[in-house]
Engineer: 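The structure is given below, and queries will be raised subsequently.
Just so you know, ligand 1 is whichever comes first in the structure, and atom 1 is the first atom listed for that ligand.
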Amino acid sequence: MSADPMSDAERAAALAAGWALSDDGAAISKTYTFRNFVEAFGFMTRAAIWAEKLNHHPEWSNMYKTVEVRLSTHDTGGLTALDAKLAAKMDQLAKG
Ligand SMILES: C[C@H](O)[C@H](O)[C@H]1CNC2=NC(N)=NC(=O)C2=N1
């Protein structure tokens with residue numbers, strides 16, 4: 001699936017939503033903190049379903065009630081519109 005490079009507007013929106021840009025500009029990352037492990041894992045379950053729908057998958061790790069997420073488009077080695085789309089969807093899903 002080819003994806004357009006992430007636009008300046010999409011990057012600004014992600015940063016405004018609390019995502020951090022990597023030093024090389026090729027990824028964005030964010031740590032979500034939930035009330036407990038079950039809510040953290042429920043978020044991951046919901047996000048996994050959407051990642052599969054988008055065919056765009058996060059690099060993430062879960063420690064108890066936190067979920068660390070890193071998004072990048074492996075096929076292009078940088079940030080694309082798919083990363084912006086998945087980031088926005090994850091933010092929405094994190095609200096429960
Ligand atoms: C073959 C499969 O469609 C590709 O490997 C997809 C799967 N999920 C993906 N996820 C991410 N983050 N980047 C990709 O380039 C990517 N490519």
Engineer: Considering E52, R70, E59, H57 one by one, which has a heavy atom nearer to atom 9 (C) of ligand 1 than any of the others?
Structural biologist: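 Minimum heavy-atom distance to atom 9 (C) of ligand 1 goes to H57.
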Engineer: Run down the list D75, T73, L54 and name the one with the heavy atom closest to atom 17 (N) of ligand 1.
Structural biologist: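 Selected option, by shortest heavy-atom distance: D75.
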Engineer: Looking at side-chain heavy atoms only, is the closest gap between E52 and H57 below 4.5 Å?
Structural biologist: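 A side-chain contact exists here, since the closest heavy-atom pair is under 4.5 Å.
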Engineer: Do D91 and Y32 have side-chain heavy atoms sitting under 4.5 Å apart?
Structural biologist: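 Yes, their side chains come closer than 4.5 Å.
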Engineer: Hey, is P58 touching ligand 1 through its side chain, its backbone, both or neither, going by heavy atoms under 4.0 Å?
Structural biologist: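 Within the 4.0 Å criterion, P58 makes no contact with ligand 1.
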Engineer: Does A3 have a non-hydrogen atom less than 4.0 Å from ligand 1?
Structural biologist: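 Distance cut 4.0 Å: A3 fails for ligand 1.
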Engineer: Within a radius of less than 6.0 Å around CG of D24, do more than 12 heavy atoms belonging to other residues, nucleotides or ligands occur?
Structural biologist: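 Enclosed.
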Engineer: Is there a side-chain contact between W50 and Q92, using heavy atoms and a 4.5 Å cut-off?
Structural biologist: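 Sidechains of Q92 and W50: no contact.
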